[in-house]
Amino acid sequence: MTKKEKEKRQLKYNAPKGIHDILPPDIYLWQKIEKISKNLFEKYGYQEIRTPIIEHTDIFIRSIGEETDIVEKEMYTFLDRAGRSLTLRPEGTASVVRSFVEHNLNTLPTPQKFYYVGPMFRYERPQKGRFRQFYQIGVEAFGEKGPLIDAEVIAMLVNFLNLIGCENVNIELNSIGCETCRPLFKKELINFFSNKLSNLCTDCQRRHKTNPLRILDCKVDGCIENRQGAPMISRYLCENCTVHFEELKNLLNNLNIPYTLNPELVRGLDYYTKTTFEATSNQLGAQKAVAAGGRYDKLVEEFGGPPTSAIGFAIGLERIITLTKEKLTIQYPDPLFFIATIGKEAEMKGLILAENLRQKGYYVEIHYGNASLKSQLRKADRINAKVVLIIGDEELKSGKIKWKNLYTKEQGDVDINAVVSIVS
RNA sequence: GUGGGCGUAGUUCAAUGGUUAGAGCACUGGACUGUGGCUCCAGUUGUUGGGGGUUCGAAUCCCCUCGCCCACCCCA
């Protein structure tokens, strides 16, 4: 092998770490799930919104929070040629809120409800259910502050999970308070842990200063032990938040939607207020959340818009796929016709016939180039074609072509202009 | 960022440190001159992830590196 050939071989590229191709036949599963979600969400009045994949870095820092892991170490951030700091979106809500404010969508009748599908990017170490480019289906509803829409949004998520056959998915529910009650709770938490600091992991010692709520979510044994008896947010919720949460639980009960209260459910994004929820599965390994969301009543204001309550959730598509891969049956598009030809003139006739049939709406495959009739039929069989149309010398002379139904083995002759009659 | 496991043909996997690294599937062709699936036959496919070392001899042992997977962390 020459040096040049050697170098050429080494140019075999692969996708960047944690970033994957989605190929057939898997893509049919993706399309099916996207279609199901779209159909369902539209029944609830959600409309598709497409926001850019790249945004100004600031909007993620402002919304997700400066002290979160996502912003601190997981964003794909770069300078454009004019020196602006841009970031590949690590989540979808920030963009939708930015768009909502930028286009004054608050002037439209409330509530405004949107859904989106697309890739998100986080620079993390890949593992089961966690990727650097991953896909989310998300929804966001703006302009309703009452618990009715919280219940409706959760119901919509549950319906979606049922429709795609996700079993054993548990809805975990919590309220993390609002700007009235959370500061008090934070203060109590800091007090509670201040004489236990040496027993906490180093991360939690840091969190004690930066974001004490996260200590409640830590998985280190020592931290789990030491948070026994820690203050619960439920006891510190203000009147407003308490009523909201109680009403939501009551609504869910009346909708017969099962849920588990998880007072330790703390979301990793700082913008959440009041209601937070997560759909988790025990069949996913360590990354068990298939969907998560909550209310974010201050974020629109944070982005310079008018006070606007909002709520939303995002579904992790790869995780959904691993849960439904064995269960959802997908229909491959099988060709109705396969055109086998013998000889140059037949090839041309075959191509023309294929075009005519396709214009009538049929899925037609042809054989490209010369091969024995045997191998052409073998190929038709392999790709699951239903009817083979054979064009050779005999057929060119008579103007009739031979057809064979590979499913029933029936065969016969038909006028080249009446092929459709075989299948009608 | 930290740990653990694994890298052999397109794919699934074999090969005690010892001939020329094999097999199933897949692909192509033939048996069957213009009729698929089943069967049989033949053919194609490899810097054993890469680099270095030990050895008479390395896919196998050692070191480095890259990649994948899993877990921690974090999250969807």
Side-chain angles (χ1 to χ4, degrees), chain A residues 1 3 5-10 12-20 64 68-74 90-93 118-138 157 201-204 206-207 211 214 217-221 223 265-269 277-281 284-293 312-323 338 340-343 346 367 371-395 401-411:
Chain A
M1 197 184 291
K3 200 177 167 189
E5 282 171 330
K6 225 172 169 178
E7 280 168 4
K8 213 169 172 182
R9 280 201 74 117
Q10 286 172 347
K12 205 168 174 186
Y13 291 117
N14 48 3
K17 194 185 190 75
I19 300 181
H20 300 289
I64 297 167
T68 57
D69 281 19
I70 293 177
V71 168
E72 273 177 356
K73 50 191 189 198
E74 294 177 3
E91 60 104 43
T93 301
M120 308 296 162
F121 304 84
R122 291 183 201 172
Y123 193 87
E124 296 185 273
R125 193 82 173 260
Q127 70 182 73
K128 190 177 176 70
R130 194 173 75 182
F131 312 96
R132 290 187 173 178
Q133 175 174 339
F134 59 99
Y135 288 77
Q136 288 188 336
I137 301 179
L157 173 59
C201 69
T202 52
D203 280 335
C204 282
R206 181 174 51 84
R207 287 169 183 147
N211 202 341
R214 299 273 200 81
D217 204 33
C218 185
K219 273 120 193 155
V220 176
D221 285 345
C223 301
L265 178 66
V266 179
R267 317 275 12 278
L269 297 89
F277 54 93
E278 238 177 65
T280 57
S281 165
L284 278 177
Q287 312 302 321
K288 64 194 180 95
V290 296
F313 64 74
I315 299 163
L317 264 175
E318 286 84 354
R319 294 180 188 178
I320 290 286
I321 297 276
T322 60
L323 284 183
F338 184 94
T341 56
I342 301 149
H367 192 274
S372 67
L373 185 61
K374 179 188 186 63
S375 66
Q376 295 194 48
L377 273 156
R378 191 183 287 164
K379 171 161 271 173
D381 184 59
R382 291 211 66 85
I383 65 174
N384 249 328
K386 187 174 182 188
V387 176
V388 178
L389 303 172
I390 301 169
I391 308 177
D393 292 340
E394 294 168 23
E395 290 78 10
I401 60 176
K402 282 223 170 66
W403 60 270
K404 177 170 187 176
N405 185 322
L406 293 186
Y407 296 1
T408 65
K409 294 184 180 177
E410 287 175 279
Q411 52 184 326

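Scope of the values below: all heavy atoms of this structure, side chains included, with no hydrogens, waters or symmetry mates. First the proteins, then the strands, lettered A, B, ... as listed; each starts at 1.
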*Asks:* Given rG67(B), rA76(B), rG37(B), which nucleotide is nearest the side-chain atoms of E318(A)?
*Replies:* rA76(B)
*Asks:* Under 3.5 Å, is there an N or O donor on one side and an acceptor on the other linking the side chain of R125(A) and the base of rU2(B)?
*Replies:* yes
*Asks:* Calculate the interatomic distance between I401(A) atom CD1 and rG34(B) atom C1'; express it in whole Å.
*Replies:* 15 Å
*Asks:* Considering only side-chain heavy atoms of Q287(A), which listed nucleotide, rG1(B), rG29(B), rC75(B), is closest?
*Replies:* rC75(B)
*Asks:* Does any nucleotide pair with rG67(B) by Watson-Crick or G-U wobble geometry, both distances under 3.5 Å, and what is it?
*Replies:* rC6(B)
*Asks:* Below the 4.0 Å mark, does rC69(B) have OP1 or OP2 next to a side-chain nitrogen or oxygen of H20(A)?
*Replies:* yes
*Asks:* Below 4.5 Å, heavy atoms only, C-beta onward: do L373(A) and L377(A) meet side chain to side chain?
*Replies:* yes
*Asks:* Work out how far the P atom of rG46(B) is from that of rU11(B), and round it to whole angstrom.
*Replies:* 13 Å
*Asks:* Identify the nucleotide, in any strand shown, that forms a Watson-Crick or G-U wobble pair with rA23(B), with both distances under 3.5 Å; if there is none, say none.
*Replies:* rU12(B)
*Asks:* Mind calculating the distance between CD1 (I342(A)) and P (rU33(B)) to the nearest angstrom?
*Replies:* 12 Å
*Asks:* Per the atom types in the model, does the base of rG34(B) pair as donor or acceptor with the side chain of E395(A) at under 3.5 Å?
*Replies:* yes
*Asks:* Can you give me the closest heavy-atom contact between A292(A) and E278(A), atom names plus distance?
*Replies:* CB-CG, 3.4 Å
*Asks:* Measure from the side chain of K402(A), starting at C-beta and using heavy atoms only, and say which of rU35(B), rC70(B), rG30(B) lies closest.
*Replies:* rU35(B)
*Asks:* When we call it a touch if two heavy atoms are under 4.0 Å apart, what does G138(A) touch: a base, just sugar-phosphate, or nothing?
*Replies:* nothing
*Asks:* Report the nucleotide, chosen from rC70(B), rC69(B), rA76(B), that has the shortest atom-to-atom distance to any side-chain atom of E124(A).
*Replies:* rA76(B)
*Asks:* With hydrogens left out and only the distance checked, is there a donor-acceptor pair under 3.5 Å joining K17(A)'s side chain and the base of rG67(B)?
*Replies:* no
*Asks:* Please determine, for the side chain of R319(A), which listed nucleotide (rC75(B), rG34(B), rG36(B)) has the closest atom?
*Replies:* rC75(B)
*Asks:* For the side chain of K409(A) and the base of rG37(B), is some donor closer than 3.5 Å to an acceptor across the two?
*Replies:* yes
*Asks:* Roughly how far apart, to the nearest Å, are rU48(B) and rC61(B) at atom C1'?
*Replies:* 16 Å
*Asks:* Answer with base, sugar-phosphate or nothing: what part of the nucleic acid does L406(A) contact at a heavy-atom distance below 4.0 Å?
*Replies:* base
*Asks:* Using a heavy-atom cut-off of 4.0 Å across all strands, would you classify K374(A) as base, sugar-phosphate, or nothing?
*Replies:* base
*Asks:* Closest-nucleotide mapping onto RNA chain B: is A286(A) or E394(A) further toward the 5' terminus? I mean the 5' end.
*Replies:* E394(A)
*Asks:* If we ignore hydrogens and angles and just use 3.5 Å, is the side chain of E124(A) paired with the main-chain N or O of E74(A) as donor and acceptor?
*Replies:* no
*Asks:* Among the candidates rG30(B), rA76(B), rG34(B), find the nucleotide nearest to the side-chain atoms of F131(A).
*Replies:* rA76(B)
*Asks:* Using the P atom in both, what is the distance from rG24(B) to rG36(B), to the nearest Å?
*Replies:* 24 Å
*Asks:* Quick one: look up who rU45(B) pairs with, Watson-Crick or G-U, both distances under 3.5 Å, and put none if it's unpaired.
*Replies:* none
*Asks:* Distance between the P atoms of rA23(B) and rA14(B), in whole angstroms?
*Replies:* 16 Å
*Asks:* For nucleotides rA9(B) and rA21(B), find the distance between their P atoms and express it as a whole number of Å.
*Replies:* 14 Å
*Asks:* Do other residues, nucleotides or ligands put more than 12 heavy atoms under 6.0 Å from D393(A) CG?
*Replies:* no
*Asks:* Check the phosphate of rG29(B) against S372(A), side-chain N and O only, distance under 4.0 Å to OP1 or OP2. Yes or no?
*Replies:* no
*Asks:* Looking only at heavy atoms, which two atoms of E410(A) and W403(A) are closest? And how far apart?
*Replies:* O-CZ3, 3.6 Å
*Asks:* Report which part of the nucleic acid I390(A) touches: base, sugar-phosphate, or nothing (heavy-atom distance under 4.0 Å, all strands).
*Replies:* base
*Asks:* Figure out the NZ/C1' separation between K379(A) and rU35(B), and round it to whole Å.
*Replies:* 17 Å
*Asks:* Now, which nucleotide makes the Watson-Crick or G-U wobble pair with rC72(B), with each of the two distances under 3.5 Å?
*Replies:* rG1(B)
*Asks:* Contact class for A380(A) (heavy atom, under 4.0 Å): base, sugar-phosphate, or nothing?
*Replies:* nothing
*Asks:* Separation of E74(A) atom CD from rC72(B) atom C1', in whole Å?
*Replies:* 14 Å
*Asks:* Step by step, would you call I70(A) with E91(A) a side-chain contact (heavy atoms from CB on, under 4.5 Å)?
*Replies:* CA-CA 9 Å; I70(A) 293 177; E91(A) 60 104 43; 5.7 Å; no
*Asks:* Which whole-number value in Å describes the distance from L373(A) CG to rC32(B) C1'?
*Replies:* 12 Å
*Asks:* Does the rC73(B) base have a donor-acceptor partner in the side chain of Q127(A) within less than 3.5 Å?
*Replies:* yes
*Asks:* Could you give the NZ-to-P distance, from K288(A) to rC70(B), as a whole number of Å?
*Replies:* 18 Å
*Asks:* Provide the distance between the two C1' atoms, one in rG50(B) and one in rU8(B), to the nearest whole Å.
*Replies:* 14 Å
*Asks:* By nearest heavy atom, map D381(A) and Y135(A) onto RNA chain B; which one lands nearer the 5' end?
*Replies:* D381(A)
*Asks:* Both distances below 3.5 Å, Watson-Crick or wobble geometry, any strand: find the nucleotide opposite rU35(B).
*Replies:* none
*Asks:* Could you tell me whether the side chain of R130(A) has a donor or acceptor atom within less than 3.5 Å of a complementary atom in the base of rC73(B)?
*Replies:* yes
*Asks:* Testing the basics here: between Q133(A) and P119(A), what is the closest heavy-atom pair and its distance to 0.1 Å?
*Replies:* NE2-CB, 3.4 Å
*Asks:* Would you say R319(A)'s side chain and G129(A)'s backbone share a donor-acceptor pair under 3.5 angstrom?
*Replies:* yes
*Asks:* I'd like the C1' distance from rA76(B) over to rC68(B), given in whole Å.
*Replies:* 22 Å
*Asks:* Considering all heavy atoms of both residues, which atom of I390(A) and which atom of E395(A) are nearest to each other, and what is their separation?
*Replies:* O-CG, 3.4 Å
*Asks:* Between rG22(B) and rA15(B), how many Å separate the two P atoms, rounded to a whole number?
*Replies:* 14 Å
*Asks:* In whole angstrom, give the distance that lies between atom CG of N14(A) and atom C1' of rG7(B).
*Replies:* 13 Å
*Asks:* Rounding to an integer number of Å, can you tell me how far D69(A) CG sits from rA76(B) P?
*Replies:* 12 Å
*Asks:* Is there a donor N/O on one and an acceptor N/O on the other, under 3.5 Å, for the side chain of Q411(A) and the base of rU35(B)?
*Replies:* yes
